[in-house]
Peer 1: 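Structure provided below as structure tokens; questions to follow.
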There are 4 protein chains.
Amino acid sequence: MSKGPNAARRNESSRQAILAATEDLCRENGYGRLTIEAIAARAGVGKTTIYRWWPSKGAVVLELLDQAATLASAPPDTGDLAADLRTLLTEVIGILTPVHTSPATGLIAEALQDPDLAHDLREHLIEPRIAAFKQRLRRAQDAGQLSADADLDVALDLLYGPLYHRMALHLGMPDPGHLDSLVAHVLRALTPPHPAGVRERRRKSQTGVS
Amino acid sequence: MSKGPNAARRNESSRQAILAATEDLCRENGYGRLTIEAIAARAGVGKTTIYRWWPSKGAVVLELLDQAATLASAPPDTGDLAADLRTLLTEVIGILTPVHTSPATGLIAEALQDPDLAHDLREHLIEPRIAAFKQRLRRAQDAGQLSADADLDVALDLLYGPLYHRMALHLGMPDPGHLDSLVAHVLRALTPPHPAGVRERRRKSQTGVS
Amino acid sequence: MSKGPNAARRNESSRQAILAATEDLCRENGYGRLTIEAIAARAGVGKTTIYRWWPSKGAVVLELLDQAATLASAPPDTGDLAADLRTLLTEVIGILTPVHTSPATGLIAEALQDPDLAHDLREHLIEPRIAAFKQRLRRAQDAGQLSADADLDVALDLLYGPLYHRMALHLGMPDPGHLDSLVAHVLRALTPPHPAGVRERRRKSQTGVS
Amino acid sequence: MSKGPNAARRNESSRQAILAATEDLCRENGYGRLTIEAIAARAGVGKTTIYRWWPSKGAVVLELLDQAATLASAPPDTGDLAADLRTLLTEVIGILTPVHTSPATGLIAEALQDPDLAHDLREHLIEPRIAAFKQRLRRAQDAGQLSADADLDVALDLLYGPLYHRMALHLGMPDPGHLDSLVAHVLRALTPPHPAGVRERRRKSQTGVS
DNA sequence: TTGTAAGCGAGACGGTACGTCCGGTCTTCCG
DNA sequence: CGGAAGACCGGACGTACCGTCTCGCTTACAA
């Protein structure tokens with residue numbers, strides 16, 4: 001991201017002004033009404049300067065989110081797996097809310113139509129977070145809180161899926177109670193019954209499924 | 001949708017031409033490059049005629065999808081719950097694929113920025129399907145294939161969530177094996193361990209699933 | 001000029017507003033600082049409307065001059081050839097003054113770099129005037145005020161040439177005395193020495209001139 | 001022209017490269033499409049270097065012409081006045097041709113909109129030539145080839161005027177025959193009929209001319 | 001002989017205007 | 001009188017150059 005012509009000579013204060021203006025305008029009018037012209041005007045910057053370093057408004061917003069994100073990137077680990085998952089999910093809910101004005105939502109919408117942007121989005125924002133999420137789950141597996149053969153991709157789908165489902169279909173984000181319930185259900189699906197005899201049989205049926 | 005000035009006097013052949021042109025152009029260039037002007041030109045219709053009956057290009061596409069959807073709307077019920085769920089999910093996967101050119105995906109992207117369109121989208125395409133889905137699950141509860149107190153909203157989230165998650169983040173739709181696994185996990189999550197007698201019946205239905 | 005897409009549907013009031021704005025802005029800032037954007041803004045018109053009907057700002061200014069010119073197009077004929085010529089030249093001096101802000105001068109400058117504009121300029125503004133000029137001279141020949149074999153192209157060059165010479169080289173337009181002298185010299189050059197009797201008549205008419 | 005900050009330290013090879021690039025680009029694309037950026041790029045020079053020494057692209061072109069001109073500056077004097085005038089005019093015709101790509105024409109066009117440039121143009125290129133021209137005419141007067149009271153400004157107008165007239169109005173430069181005729185007419189206009197004795201001498205010199 | 005100040009290449013920067021595209025409204029005329 | 005045709009105003013697009021402004025670097029004069 002932003003590795004244009006000659007990054008050495010780049011004017012950092014312009015870069016900051018552009019990102020700040022982008023954030024302001026996005027919050028004010030929503031991503032959809034965001035305009036390169038308006039960003040340039042608000043930031044007191046020539047349009048050229050934006051086009052020199054970013055290929056589209058989506059890329060600007062992506063860098064904005066990227067910068068904000070790196071501030072809080074380490075995955076939480078309190079020892080309480082369910083609580084940590086709720087923390088991770090709550091963070092994402094915050095990012096996706098309110099649906100119609102959140103920069104992240106707008107970015108996702110644009111990326112749905114723009115493969116290049118989609119690629120950058122996945123590379124810069126999403127994959128690192130998925131990695132952190134899986135890392136936390138793997139630690140849980142090591143601690144025996146999750147069955148050793150649990151499918152982490154399934155876990156990813158089941159835990160984050162509901163948020164994007166609700167975002168996409170405008171169903172409203174889950175309230176804390178719902179979230180609790182979702183996490184509990186998913187953990188149950190990933191941790192077979194404990195009593196010795198039962199656990200054995202369960203493991204067998206899983207083998208048949210997967 | 002399309003309840004303009006005086007629907008009685010409406011020219012049906014123009015309507016069809018517009019929808020057909022919309023579909024063609026969407027497939028050719030993707031939803032993002034779709035333009036009211038291009039639709040009008042391709043359909044041999046004045047722009048006025050489009051604006052008279054639809055408020056935005058999203059609404060046109062919505063009607064297009066609506067029309068296509070009503071052809072296959074009745075929820076399947078073969079008695080095999082897992083299979084029926086896989087059928088429902090597979091249909092949605094088809095609609096959302098390929099991500100960057102599917103009209104449905106484009107529509108979802110636009111609705112993320114346009115509350116009015118989001119409302120119509122939910123009302124016309126989504127809620128009926130959710131209702132059908134829940135109806136199917138309720139029938140499963142009645143048949144004892146699902147615990148009587150299973151939370152159907154959670155089921156909805158867990159089953160459809162992964163699809164929208166993957167769409168939004170460009171992770172690729174689940175292949176049949178993954179889908180299988182997802183459905184199996186979710187059904188397991190919805191049939192929690194119970195006192196012995198109950199557990200026996202449940203185990204029977206699981207057998208049917210796997 | 002201005003025979004675009006479908007001249008029938010053209011909005012005449014927009015056309016007038018554009019020409020009026022063009023004239024104002026040209027007088028205010030000079031032709032060089034004239035801008036299509038400014039014209040559109042001042043006229044309360046979309047840029048598209050200008051580009052639809054004119055290929056360049058030069059073409060707009062040309063139409064402006066054309067419209068102004070047709071109001072006073074008939075060549076003067078008072079019977080006094082020298083006076084009529086001075087009238088014609090004075091009119092052109094007026095059009096070319098002040099050099100740096102006159103729309104006509106700007107147009108000539110632009111046409112020097114733009115062959116298309118040059119063609120339209122010659123066709124619409126210049127050739128009709130040349131024709132009128134030659135017509136007047138021919139009438140003078142018929143009246144015996146000019147030798148029958150005088151070369152009218154030479155006359156054209158010698159009479160109008162000085163004005164463009166001075167415009168091009170920023171030498172200042174001739175004052176009335178100079179103009180007088182120029183006309184006198186040229187008329188003398190066009191009435192070469194002849195057998196005595198003839199020369200007498202000529203000298204008389206020359207006296208009238210000087 | 002080009003008397004910047006500290007002319008002593010000036011890099012002469014850059015100066016030459018700039019002038020050369022200017023000439024090339026002007027011939028290739030015409031003065032109108034000439035750009036400071038393009039000159040700098042072609043010359044392998046920073047834009048700053050151009051702006052340091054010249055105030056505008058017009059000034060660069062002016063210096064270019066100036067340099068070319070000084071190579072052939074002395075006014076011809078073969079004793080044959082008419083021939084010498086034809087030589088002078090022919091040289092100017094060469095400079096102004098072809099109208100749409102000649103650097104001189106472009107410069108004149110630009111100067112019509114830019115008083116500063118006009119001033120430099122007159123000072124550096126035009127006035128010296130006018131002086132030379134008048135000097136030649138004065139020598140002709142001294143030799144009795146021209147009447148002693150002939151108005152040299154009128155002569156200037158009548159001889160050079162046609163060229164600029166034709167340039168400005170895109171009428172095509174005079175061919176040799178025309179040129180001949182023009183010079184002959186003008187010389188005749190400058191040697192008016194006089195008392196018999198004088199007239200005889202004059203007529204003789206005219207014979208030599210025409 | 002070594003600063004130090006200039007000229008220089010490179011090119012980022014804030015701007016202005018370009019000419020195009022499309023959105024949404026309004027008008028005209030045809031069937 | 002509905003609809004095709006399309007002109008219209010407006011606003012944003014992405015591009016081209018403008019003229020100014022740092023950057024390091026070389027280069028030549030002065031201490």
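Just so we're on the same page: letters track the sequence lines, and every chain starts at 1.
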Peer 1: Whole-Å distance between E:dG11 P and D:Ile50 CD1?
Peer 2: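 Rounding to the nearest Å, CD1 of D:Ile50 and P of E:dG11 are 15 Å apart.
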Peer 1: My understanding is that only residues two or more places apart in sequence, or in another chain, count here; which of them pass side chain to side chain donor-acceptor pair (under 3.5 Å) with C:Thr22?
Peer 2: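 C:Thr22: no side chain to side chain donor-acceptor pair (under 3.5 Å) contacts found.
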Peer 1: May I ask you to check whether B:His100 and B:His170 place their ring centers less than 6.0 Å from one another?
Peer 2: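 Here the rings of B:His170 and B:His100 have centres that are less than 6.0 Å from each other.
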Peer 1: The criterion is salt bridge (charged side-chain N to carboxylate O under 4.0 Å, His left out); which residues satisfy it with D:Lys57, sequence neighbours excluded?
Peer 2: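 Once residues adjacent in sequence are excluded, D:Lys57 has no partner under the salt bridge (charged side-chain N to carboxylate O under 4.0 Å, His left out) criterion.
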Peer 1: What is the distance, to the nearest angstrom, from the CD1 atom on D:Ile39 to the P atom on F:dG19?
Peer 2: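 Checked: the CD1 to P distance equals 11 Å.
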Peer 1: Round to the nearest Å and state the distance from D:Glu12 atom CD to E:dC8 atom P.
Peer 2: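 After rounding, the gap between these two atoms is 10 Å.
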Peer 1: Identify, with sequence neighbours excluded, every residue that meets side chain to side chain donor-acceptor pair (under 3.5 Å) alongside C:Thr101.
Peer 2: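 Not a single residue meets the side chain to side chain donor-acceptor pair (under 3.5 Å) criterion with C:Thr101.
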Peer 1: A:Arg15 CZ to E:dA12 C1': how many Å, rounded?
Peer 2: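 Rounding to the nearest Å, CZ of A:Arg15 and C1' of E:dA12 are 16 Å apart.
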Peer 1: Residues two or more places apart in sequence or in another chain: which of them pass side chain to side chain donor-acceptor pair (under 3.5 Å) with C:Thr49?
Peer 2: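 If we apply the side chain to side chain donor-acceptor pair (under 3.5 Å) test to C:Thr49, skipping adjacent residues, there are no hits.
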Peer 1: B:Ala43: what forms a side chain to side chain contact (heavy atoms under 4.5 Å, CB included) with it, not counting sequence neighbours?
Peer 2: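 If we apply the side chain to side chain contact (heavy atoms under 4.5 Å, CB included) test to B:Ala43, skipping adjacent residues, the hits are B:Ala17, B:Ile18, B:Ala21, B:Val45.
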Peer 1: Sugar-phosphate atoms are those with a prime plus P, OP1 and OP2; base atoms are the rest. Using that split, label each nucleotide of nucleotides 9-14 of chain F B, S or - for protein heavy atoms under 4.0 Å, 5' to 3'.
Peer 2: SB-SBB
Peer 1: I'd like a list of close polar pairs between nucleotides 28-31 of chain E and the protein, N/O only, cut-off under 3.5 Å.
Peer 2:
{"unit_1": "E:dT28", "atom_1": "O4'", "unit_2": "C:Arg9", "atom_2": "NH1", "d": "3.3"}
{"unit_1": "E:dT28", "atom_1": "O2", "unit_2": "C:Arg9", "atom_2": "NH1", "d": "3.2"}
{"unit_1": "E:dT28", "atom_1": "O2", "unit_2": "C:Arg9", "atom_2": "NH2", "d": "3.4"}

Peer 1: Hey, does the side chain of D:Trp53 come within less than 4.0 Å of E:dC8's phosphate (OP1/OP2), counting only N and O?
Peer 2: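 For E:dC8, OP1/OP2 do have a side-chain N/O of D:Trp53 under 4.0 Å.
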Peer 1: Scan side-chain atoms only and decide if A:Gln16 and A:Glu12 contain a donor-acceptor pair under the 3.5 Å cut-off.
Peer 2: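 A:Gln16 vs A:Glu12: donor-acceptor pair found between side chains.
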Peer 1: Not counting sequence neighbours, which residues clear side chain to side chain contact (heavy atoms under 4.5 Å, CB included) with A:Ala109? List them please.
Peer 2: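 Side chain to side chain contact (heavy atoms under 4.5 Å, CB included) check on A:Ala109 returns B:Ala109, B:Leu112, B:Gln113.
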Peer 1: Could you pull out all residues at least two apart from C:Arg33 that satisfy salt bridge (charged side-chain N to carboxylate O under 4.0 Å, His left out)?
Peer 2: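 Salt bridge (charged side-chain N to carboxylate O under 4.0 Å, His left out) check on C:Arg33 returns nothing, list empty.
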Peer 1: Quick one: salt bridge (charged side-chain N to carboxylate O under 4.0 Å, His left out) partners of D:Arg27, sequence neighbours excluded?
Peer 2: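 Salt bridge (charged side-chain N to carboxylate O under 4.0 Å, His left out) list for D:Arg27, sorted by chain: empty.
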Peer 1: Can you measure D:Glu110 atom CD to F:dC17 atom C1' for me and round it to whole angstrom units?
Peer 2: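 Atom CD in D:Glu110 sits about 13 Å away from atom C1' in F:dC17.
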Peer 1: Could I get the full list of salt bridge (charged side-chain N to carboxylate O under 4.0 Å, His left out) partners for A:Glu28, not counting sequence neighbours?
Peer 2: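 Partners of A:Glu28 by the salt bridge (charged side-chain N to carboxylate O under 4.0 Å, His left out) criterion, ordered by chain and then number, come out as A:Arg42.
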Peer 1: Bend across the helix from E:dG3-F:dC29 to E:dG31-F:dC1, to 10°, with axes taken over 5 pairs at each end?
Peer 2: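 Axis angle across the helix from E:dG3-F:dC29 to E:dG31-F:dC1, nearest 10°: 10°.
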Peer 1: Rounded to the nearest Å, what distance is computed from the CH2 atom of residue D:Trp54 to the P atom of nucleotide F:dG19?
Peer 2: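 My rounded result for the distance is 15 Å.
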